[in-house]
2 protein chains.
Amino acid sequence: MLKSAREVFMDYLRERDMNLTPQRALIVEAFLAEEGHFTSEQLYIKARKADPSIGQATVYRTLKLLVDSGLAETFDIGEGVALYEHGYGHAHHDHLICTKCGRKVEIVDEVIERRQEDLAEEQGFTLTRHRMLLFGTCPQCLEGKES
Amino acid sequence: MLKSAREVFMDYLRERDMNLTPQRALIVEAFLAEEGHFTSEQLYIKARKADPSIGQATVYRTLKLLVDSGLAETFDIGEGVALYEHGYGHAHHDHLICTKCGRKVEIVDEVIERRQEDLAEEQGFTLTRHRMLLFGTCPQCLEGKES
DNA sequence: TTAATTGCAAATCGTTTGCTGAAAG
DNA sequence: CTTTCAGCAAACGATTTGCAATTAA
(Lines give C-alpha, C1' and ligand atoms only; values in the text may rest on other atoms or scores of the structure.)
Protein backbone atom coordinates (compact mmCIF):
# COMPACT_ATOMS: atom_id res chain seq x y z
CA MET A 1 0.00 0.00 0.00
CA LEU A 2 1.21 3.45 -0.93
CA LYS A 3 1.99 5.99 1.73
CA SER A 4 -0.51 8.80 1.94
CA ALA A 5 0.55 12.23 0.79
CA ARG A 6 0.57 13.47 4.36
CA GLU A 7 2.80 10.60 5.41
CA VAL A 8 5.18 11.33 2.61
CA PHE A 9 5.46 14.91 3.72
CA MET A 10 5.89 13.99 7.38
CA ASP A 11 8.65 11.56 6.51
CA TYR A 12 10.29 14.16 4.35
CA LEU A 13 10.30 16.66 7.18
CA ARG A 14 11.46 14.15 9.75
CA GLU A 15 14.38 13.07 7.60
CA ARG A 16 15.77 16.56 7.66
CA ASP A 17 14.83 17.52 11.18
CA MET A 18 12.19 19.93 10.14
CA ASN A 19 8.91 20.47 11.90
CA LEU A 20 5.35 20.36 10.76
CA THR A 21 4.44 23.84 11.89
CA PRO A 22 0.83 25.02 11.89
CA GLN A 23 1.63 27.15 8.85
CA ARG A 24 3.10 24.26 6.90
CA ALA A 25 0.23 22.00 7.86
CA LEU A 26 -2.25 24.60 6.72
CA ILE A 27 -0.51 25.21 3.41
CA VAL A 28 -0.21 21.50 2.73
CA GLU A 29 -3.90 21.03 3.39
CA ALA A 30 -4.74 23.89 1.08
CA PHE A 31 -2.45 22.33 -1.49
CA LEU A 32 -4.01 18.88 -1.19
CA ALA A 33 -7.48 20.34 -1.48
CA GLU A 34 -6.53 22.17 -4.65
CA GLU A 35 -7.63 20.77 -8.00
CA GLY A 36 -5.76 21.24 -11.21
CA HIS A 37 -3.10 23.86 -11.73
CA PHE A 38 -2.49 26.89 -9.64
CA THR A 39 0.09 29.55 -8.92
CA SER A 40 1.87 30.27 -5.68
CA GLU A 41 -0.24 33.39 -5.39
CA GLN A 42 -3.48 31.44 -5.67
CA LEU A 43 -2.38 29.05 -2.96
CA TYR A 44 -1.37 32.00 -0.83
CA ILE A 45 -4.81 33.55 -1.15
CA LYS A 46 -6.41 30.27 -0.21
CA ALA A 47 -4.08 29.71 2.74
CA ARG A 48 -4.73 33.19 3.99
CA LYS A 49 -8.39 32.38 4.39
CA ALA A 50 -7.45 29.78 6.97
CA ASP A 51 -4.92 32.07 8.62
CA PRO A 52 -4.71 35.71 7.53
CA SER A 53 -1.32 36.14 9.17
CA ILE A 54 0.34 33.72 6.74
CA GLY A 55 3.18 35.29 4.80
CA GLN A 56 3.72 34.86 1.10
CA ALA A 57 7.31 33.81 1.67
CA THR A 58 6.11 30.91 3.75
CA VAL A 59 3.94 29.74 0.90
CA TYR A 60 6.85 29.93 -1.51
CA ARG A 61 9.08 28.11 0.94
CA THR A 62 6.53 25.41 1.60
CA LEU A 63 5.81 24.93 -2.08
CA LYS A 64 9.49 24.28 -2.55
CA LEU A 65 9.32 21.61 0.12
CA LEU A 66 6.29 20.09 -1.54
CA VAL A 67 8.07 19.90 -4.87
CA ASP A 68 11.19 18.54 -3.28
CA SER A 69 9.28 15.89 -1.37
CA GLY A 70 7.60 14.77 -4.56
CA LEU A 71 4.12 15.83 -3.58
CA ALA A 72 4.00 18.68 -6.05
CA GLU A 73 5.19 19.29 -9.56
CA THR A 74 5.95 22.65 -11.00
CA PHE A 75 6.15 23.88 -14.53
CA ASP A 76 6.25 26.99 -16.55
CA ILE A 77 4.16 27.58 -19.62
CA GLY A 78 5.94 30.80 -20.46
CA GLU A 79 3.55 33.23 -18.83
CA GLY A 80 5.96 34.49 -16.25
CA VAL A 81 4.49 32.54 -13.34
CA ALA A 82 5.23 29.05 -12.14
CA LEU A 83 2.34 26.63 -12.05
CA TYR A 84 1.98 23.84 -9.55
CA GLU A 85 -0.07 20.69 -9.41
CA HIS A 86 -0.26 17.43 -7.51
CA GLY A 87 2.51 15.05 -8.33
CA TYR A 88 2.09 12.21 -5.90
CA GLY A 89 -0.28 9.32 -6.49
CA HIS A 90 -1.38 10.95 -9.71
CA ALA A 91 -0.66 9.36 -13.05
CA HIS A 92 1.69 11.43 -15.12
CA HIS A 93 -0.03 13.60 -17.68
CA ASP A 94 0.76 16.35 -20.10
CA HIS A 95 -1.12 19.49 -21.00
CA LEU A 96 -3.13 20.76 -23.87
CA ILE A 97 -3.52 24.50 -23.50
CA CYS A 98 -5.89 26.87 -25.23
CA THR A 99 -3.98 30.02 -26.06
CA LYS A 100 -7.21 32.03 -26.34
CA CYS A 101 -8.93 31.27 -23.05
CA GLY A 102 -6.19 29.58 -21.07
CA ARG A 103 -8.12 26.36 -20.56
CA LYS A 104 -5.86 23.45 -19.75
CA VAL A 105 -6.76 19.87 -20.52
CA GLU A 106 -4.77 17.02 -19.10
CA ILE A 107 -3.76 14.35 -21.57
CA VAL A 108 -2.00 11.03 -21.32
CA ASP A 109 -0.56 8.93 -24.07
CA GLU A 110 1.27 5.67 -23.70
CA VAL A 111 2.74 5.79 -27.17
CA ILE A 112 4.40 9.13 -26.53
CA GLU A 113 5.64 8.14 -23.11
CA ARG A 114 7.32 5.09 -24.57
CA ARG A 115 8.88 7.00 -27.46
CA GLN A 116 10.27 9.57 -25.07
CA GLU A 117 12.04 6.85 -23.16
CA ASP A 118 13.40 5.39 -26.37
CA LEU A 119 14.60 8.73 -27.69
CA ALA A 120 16.42 9.49 -24.48
CA GLU A 121 17.99 6.07 -24.49
CA GLU A 122 19.15 6.48 -28.08
CA GLN A 123 21.15 9.47 -26.90
CA GLY A 124 22.44 7.65 -23.88
CA PHE A 125 20.41 9.78 -21.51
CA THR A 126 18.70 8.56 -18.38
CA LEU A 127 15.33 10.25 -18.32
CA THR A 128 14.16 11.71 -15.03
CA ARG A 129 11.15 13.72 -16.07
CA HIS A 130 9.60 15.44 -18.99
CA ARG A 131 7.20 18.14 -19.88
CA MET A 132 5.01 18.26 -22.93
CA LEU A 133 2.86 21.26 -23.68
CA LEU A 134 0.53 21.37 -26.63
CA PHE A 135 -0.72 24.83 -27.51
CA GLY A 136 -3.76 25.41 -29.65
CA THR A 137 -7.31 26.63 -29.74
CA CYS A 138 -10.04 24.83 -27.87
CA PRO A 139 -13.40 23.90 -29.45
CA GLN A 140 -15.26 26.72 -27.71
CA CYS A 141 -12.83 29.38 -28.81
CA LEU A 142 -12.74 27.97 -32.32
CA GLU A 143 -16.51 28.42 -32.60
CA GLY A 144 -16.34 32.00 -31.50
CA LYS A 145 -13.63 32.74 -34.00
CA GLU A 146 -15.11 31.07 -37.07
CA SER A 147 -18.27 33.19 -37.22
CA MET B 1 11.26 28.54 -53.42
CA LEU B 2 11.17 29.66 -49.84
CA LYS B 3 11.80 33.26 -48.95
CA SER B 4 15.07 33.85 -47.16
CA ALA B 5 15.02 34.71 -43.50
CA ARG B 6 16.05 38.26 -44.28
CA GLU B 7 13.27 38.63 -46.79
CA VAL B 8 10.76 37.36 -44.27
CA PHE B 9 11.91 39.95 -41.79
CA MET B 10 11.89 42.76 -44.35
CA ASP B 11 8.37 41.87 -45.39
CA TYR B 12 7.30 41.71 -41.80
CA LEU B 13 8.64 45.20 -41.15
CA ARG B 14 7.23 46.63 -44.34
CA GLU B 15 3.77 45.31 -43.57
CA ARG B 16 3.63 47.31 -40.41
CA ASP B 17 5.49 50.40 -41.55
CA MET B 18 8.53 49.68 -39.51
CA ASN B 19 12.07 50.35 -40.59
CA LEU B 20 15.11 48.18 -40.83
CA THR B 21 17.30 50.35 -38.67
CA PRO B 22 21.03 49.69 -38.38
CA GLN B 23 20.44 48.33 -34.89
CA ARG B 24 17.75 45.92 -36.04
CA ALA B 25 19.85 44.79 -38.99
CA LEU B 26 22.77 44.16 -36.72
CA ILE B 27 20.74 42.23 -34.18
CA VAL B 28 19.11 40.14 -36.88
CA GLU B 29 22.51 39.28 -38.33
CA ALA B 30 23.80 38.32 -34.91
CA PHE B 31 20.68 36.23 -34.46
CA LEU B 32 21.04 34.47 -37.79
CA ALA B 33 24.69 33.72 -37.10
CA GLU B 34 23.82 32.17 -33.77
CA GLU B 35 23.73 28.41 -33.44
CA GLY B 36 21.57 26.52 -31.04
CA HIS B 37 19.86 28.11 -28.07
CA PHE B 38 20.69 31.38 -26.47
CA THR B 39 19.30 33.99 -24.12
CA SER B 40 18.51 37.61 -24.83
CA GLU B 41 21.54 38.52 -22.77
CA GLN B 42 23.84 36.37 -24.89
CA LEU B 43 22.56 37.94 -28.07
CA TYR B 44 22.99 41.36 -26.50
CA ILE B 45 26.63 40.65 -25.71
CA LYS B 46 27.20 39.48 -29.24
CA ALA B 47 25.42 42.46 -30.76
CA ARG B 48 27.41 44.83 -28.60
CA LYS B 49 30.59 43.61 -30.22
CA ALA B 50 29.34 44.96 -33.52
CA ASP B 51 28.06 48.15 -31.95
CA PRO B 52 28.87 48.91 -28.32
CA SER B 53 26.17 51.55 -28.12
CA ILE B 54 23.38 49.01 -28.59
CA GLY B 55 20.92 48.99 -25.73
CA GLN B 56 19.61 45.88 -24.07
CA ALA B 57 16.04 47.07 -24.53
CA THR B 58 16.54 47.16 -28.28
CA VAL B 59 17.66 43.55 -28.23
CA TYR B 60 14.57 42.57 -26.26
CA ARG B 61 12.37 44.55 -28.61
CA THR B 62 13.97 43.10 -31.71
CA LEU B 63 13.77 39.56 -30.38
CA LYS B 64 10.07 40.09 -29.96
CA LEU B 65 9.86 41.10 -33.61
CA LEU B 66 11.85 38.06 -34.61
CA VAL B 67 9.51 35.76 -32.73
CA ASP B 68 6.46 37.52 -34.08
CA SER B 69 7.72 37.32 -37.63
CA GLY B 70 8.31 33.61 -37.28
CA LEU B 71 12.09 33.77 -37.55
CA ALA B 72 12.66 32.91 -33.93
CA GLU B 73 11.10 30.63 -31.40
CA THR B 74 11.21 31.14 -27.71
CA PHE B 75 10.79 28.78 -24.83
CA ASP B 76 11.32 28.46 -21.18
CA ILE B 77 12.89 25.50 -19.48
CA GLY B 78 12.13 26.81 -16.03
CA GLU B 79 15.43 28.48 -15.29
CA GLY B 80 14.09 31.98 -15.09
CA VAL B 81 15.38 33.06 -18.50
CA ALA B 82 13.78 32.77 -21.89
CA LEU B 83 15.67 30.83 -24.52
CA TYR B 84 15.57 31.59 -28.21
CA GLU B 85 16.46 29.66 -31.32
CA HIS B 86 15.91 29.74 -35.06
CA GLY B 87 12.40 28.92 -36.09
CA TYR B 88 12.34 29.56 -39.82
CA GLY B 89 13.46 27.05 -42.38
CA HIS B 90 14.41 24.69 -39.57
CA ALA B 91 12.59 21.43 -39.05
CA HIS B 92 10.72 21.37 -35.80
CA HIS B 93 12.53 19.64 -33.01
CA ASP B 94 12.25 19.06 -29.30
CA HIS B 95 14.84 19.08 -26.57
CA LEU B 96 16.59 16.59 -24.40
CA ILE B 97 18.24 18.42 -21.55
CA CYS B 98 20.89 17.25 -19.13
CA THR B 99 20.01 18.56 -15.70
CA LYS B 100 23.60 18.17 -14.51
CA CYS B 101 25.57 20.01 -17.17
CA GLY B 102 22.85 21.81 -19.08
CA ARG B 103 23.66 20.21 -22.40
CA LYS B 104 20.76 20.33 -24.81
CA VAL B 105 20.27 17.80 -27.56
CA GLU B 106 17.77 18.40 -30.31
CA ILE B 107 15.50 15.49 -31.09
CA VAL B 108 12.84 14.81 -33.66
CA ASP B 109 10.30 12.05 -33.72
CA GLU B 110 7.62 11.52 -36.27
CA VAL B 111 5.64 9.15 -34.09
CA ILE B 112 5.33 11.70 -31.32
CA GLU B 113 4.51 14.53 -33.68
CA ARG B 114 1.68 12.51 -35.14
CA ARG B 115 0.32 11.44 -31.77
CA GLN B 116 0.32 15.03 -30.60
CA GLU B 117 -1.87 16.01 -33.50
CA ASP B 118 -4.20 13.12 -32.80
CA LEU B 119 -4.45 13.89 -29.11
CA ALA B 120 -5.29 17.51 -29.80
CA GLU B 121 -7.88 16.50 -32.34
CA GLU B 122 -9.49 14.06 -29.93
CA GLN B 123 -10.15 17.01 -27.67
CA GLY B 124 -11.37 19.17 -30.51
CA PHE B 125 -8.34 21.44 -30.33
CA THR B 126 -6.55 22.93 -33.29
CA LEU B 127 -2.87 22.63 -32.56
CA THR B 128 -0.69 25.65 -33.25
CA ARG B 129 2.56 24.68 -31.61
CA HIS B 130 3.99 22.50 -28.95
CA ARG B 131 6.94 22.12 -26.70
CA MET B 132 8.41 18.93 -25.42
CA LEU B 133 11.25 18.92 -22.95
CA LEU B 134 12.89 15.74 -21.77
CA PHE B 135 15.01 16.12 -18.66
CA GLY B 136 17.62 13.61 -17.67
CA THR B 137 21.28 12.90 -17.28
CA CYS B 138 23.58 12.78 -20.27
CA PRO B 139 26.09 9.95 -20.86
CA GLN B 140 29.07 12.04 -19.77
CA CYS B 141 27.48 13.10 -16.51
CA LEU B 142 26.28 9.57 -15.86
CA GLU B 143 29.85 8.29 -16.06
CA GLY B 144 31.07 10.86 -13.60
CA LYS B 145 28.35 9.96 -11.17
CA GLU B 146 28.59 6.18 -11.30
CA SER B 147 32.14 5.97 -10.06
C1' DT C 1 8.21 67.64 -40.50
C1' DT C 2 6.00 63.60 -38.91
C1' DA C 3 6.21 59.07 -37.34
C1' DA C 4 9.23 55.55 -35.94
C1' DT C 5 13.03 54.29 -32.92
C1' DT C 6 16.73 54.44 -29.91
C1' DG C 7 19.19 54.21 -25.25
C1' DC C 8 18.70 55.13 -20.71
C1' DA C 9 16.89 54.67 -16.42
C1' DA C 10 13.06 53.72 -13.78
C1' DA C 11 9.40 50.61 -13.16
C1' DT C 12 7.42 45.81 -12.97
C1' DC C 13 6.65 41.52 -11.14
C1' DG C 14 7.39 36.95 -9.56
C1' DT C 15 10.40 34.98 -6.41
C1' DT C 16 14.19 34.82 -2.97
C1' DT C 17 16.65 36.20 1.03
C1' DG C 18 18.38 38.59 5.39
C1' DC C 19 16.96 39.62 9.67
C1' DT C 20 14.63 39.58 14.21
C1' DG C 21 11.63 37.79 17.12
C1' DA C 22 8.66 33.67 18.26
C1' DA C 23 8.11 28.85 18.85
C1' DA C 24 9.43 23.93 19.04
C1' DG C 25 12.07 20.11 21.09
C1' DC D 1 19.00 26.52 25.72
C1' DT D 2 19.54 25.66 20.88
C1' DT D 3 17.71 25.24 16.50
C1' DT D 4 14.00 25.78 13.39
C1' DC D 5 10.60 29.01 11.55
C1' DA D 6 7.61 32.74 10.45
C1' DG D 7 6.67 37.28 8.78
C1' DC D 8 8.26 41.37 7.01
C1' DA D 9 10.52 44.12 4.03
C1' DA D 10 14.33 44.68 1.20
C1' DA D 11 16.83 42.53 -2.51
C1' DC D 12 16.94 40.29 -6.97
C1' DG D 13 17.01 39.40 -11.84
C1' DA D 14 14.77 39.16 -16.12
C1' DT D 15 11.92 41.84 -18.85
C1' DT D 16 9.14 46.00 -19.95
C1' DT D 17 8.08 50.73 -20.37
C1' DG D 18 8.13 56.02 -20.20
C1' DC D 19 10.54 59.51 -22.06
C1' DA D 20 13.44 62.84 -24.39
C1' DA D 21 16.51 62.92 -28.02
C1' DT D 22 17.70 61.02 -32.74
C1' DT D 23 16.87 59.15 -37.12
C1' DA D 24 14.39 57.63 -41.14
C1' DA D 25 11.06 58.37 -44.83
Side-chain angles (χ1 to χ4, degrees), chain A residues 9-31 37-69 72-84 102, chain B residues 9-31 37-69 72-84 102:
Chain A
F9 193 61
M10 288 303 289
D11 290 351
Y12 173 85
L13 292 178
R14 200 152 24 220
E15 272 168 32
R16 36 210 95 199
D17 295 306
M18 298 174 88
N19 309 315
L20 181 67
T21 63
Q23 291 91 334
R24 281 179 187 157
L26 177 169
I27 292 167
V28 170
E29 290 310 319
F31 163 74
H37 328 86
F38 55 90
T39 63
S40 176
E41 171 92 25
Q42 290 172 320
L43 187 61
Y44 168 57
I45 290 170
K46 204 168 164 188
R48 209 167 36 176
K49 284 179 185 158
D51 175 358
S53 73
I54 280 273
Q56 216 167 350
T58 304
V59 174
Y60 274 108
R61 287 193 270 236
T62 305
L63 268 172
K64 192 164 284 181
L65 299 180
L66 285 167
V67 170
D68 204 46
S69 68
E73 286 194 15
T74 178
F75 60 104
D76 201 312
I77 63 171
E79 291 182 337
V81 244
L83 292 183
Y84 297 85
Chain B
F9 194 61
M10 287 303 289
D11 290 351
Y12 173 84
L13 292 179
R14 200 151 24 222
E15 273 169 30
R16 38 210 94 199
D17 294 307
M18 297 175 90
N19 310 314
L20 181 67
T21 63
Q23 290 91 334
R24 280 179 187 158
L26 179 166
I27 293 167
V28 170
E29 289 311 317
F31 163 73
H37 328 88
F38 54 90
T39 63
S40 176
E41 171 91 24
Q42 290 172 320
L43 187 60
Y44 167 57
I45 289 170
K46 205 168 163 187
R48 211 167 34 176
K49 284 180 186 158
D51 175 358
S53 72
I54 279 273
Q56 215 166 351
T58 303
V59 174
Y60 275 108
R61 286 191 273 235
T62 306
L63 269 171
K64 192 164 285 183
L65 299 180
L66 285 167
V67 170
D68 204 46
S69 69
E73 286 193 16
T74 179
F75 59 105
D76 200 313
I77 64 171
E79 289 181 341
V81 245
L83 292 183
Y84 297 84

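Numbers restart at 1 for each chain; the letters A, B, ... are given by sequence-line order, proteins then strands. Keep in mind the model is a prediction, meaning the values are calculated, not measured.
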Spacing between [X] atom [atom1] and [N] atom [atom2], to the nearest angstrom:
X: B:Asp17; N: C:dT5; atom1: CG; atom2: C1'; result: 14 Å
X: A:Leu65; N: C:dT16; atom1: CG; atom2: P; result: 12 Å
X: B:Leu63; N: C:dT6; atom1: CG; atom2: P; result: 13 Å
X: B:Leu20; N: D:dA25; atom1: CG; atom2: C1'; result: 14 Å
X: B:Arg48; N: C:dT6; atom1: CZ; atom2: P; result: 17 Å
X: A:Glu15; N: D:dT4; atom1: CD; atom2: C1'; result: 17 Å

Determine all donor-acceptor pairs shorter than 3.5 Å in which one atom belongs to a side chain in residues 74-82 of chain B; sequence neighbours excluded.
unit_1, atom_1, unit_2, atom_2, d
B:Thr74, OG1, B:Leu83, O, 3.1
B:Asp76, OD1, B:Gly78, N, 2.9

Taking all atoms of both residues into account, what is the closest heavy-atom pair of A:Thr39 and A:Tyr84, and its distance?
C-CD1, 4.3 Å

Tell me the closest heavy-atom pair linking A:Asp68 and A:Arg16, and the distance in Å.
OD2-NH1, 3.7 Å

In Å, rounded to the nearest 0.5 Å, how long is the span from CZ of A:Arg24 to CE of A:Met10?
11.0 Å

Output for pair (A:Arg48 CZ, A:Leu26 CG), nearest 0.5 Å, gives 12.5 Å

I'd like to compare against my own output: the B/S/- annotation of nucleotides 7-18 of chain D with a strict under-4.0 Å heavy-atom distance to protein.
BB-----SBBBB

Any chance you could list the contact pattern along nucleotides 20-25 of chain C? Use B for base contacts, S for sugar-phosphate-only contacts and - for none, protein heavy atoms under 4.0 Å, 5' to 3'.
------

Got a sec, which residues hit salt bridge (Lys or Arg N to Asp or Glu O under 4.0 Å) with B:Glu41, two or more places apart in sequence or on another chain?
none

Could you list the residues that satisfy salt bridge (Lys or Arg N to Asp or Glu O under 4.0 Å) with A:Arg14, not counting sequence neighbours?
A:Asp11

Does C:dT6 have OP1 or OP2 under 4.0 Å away from a side-chain N or O of B:Arg24?
yes

Show me the side-chain donor-acceptor pairs of residues 58-67 of chain B shorter than 3.5 Å, one per line, residues at least two apart or across chains.
unit_1, atom_1, unit_2, atom_2, d
B:Thr62, OG1, B:Thr58, O, 2.7

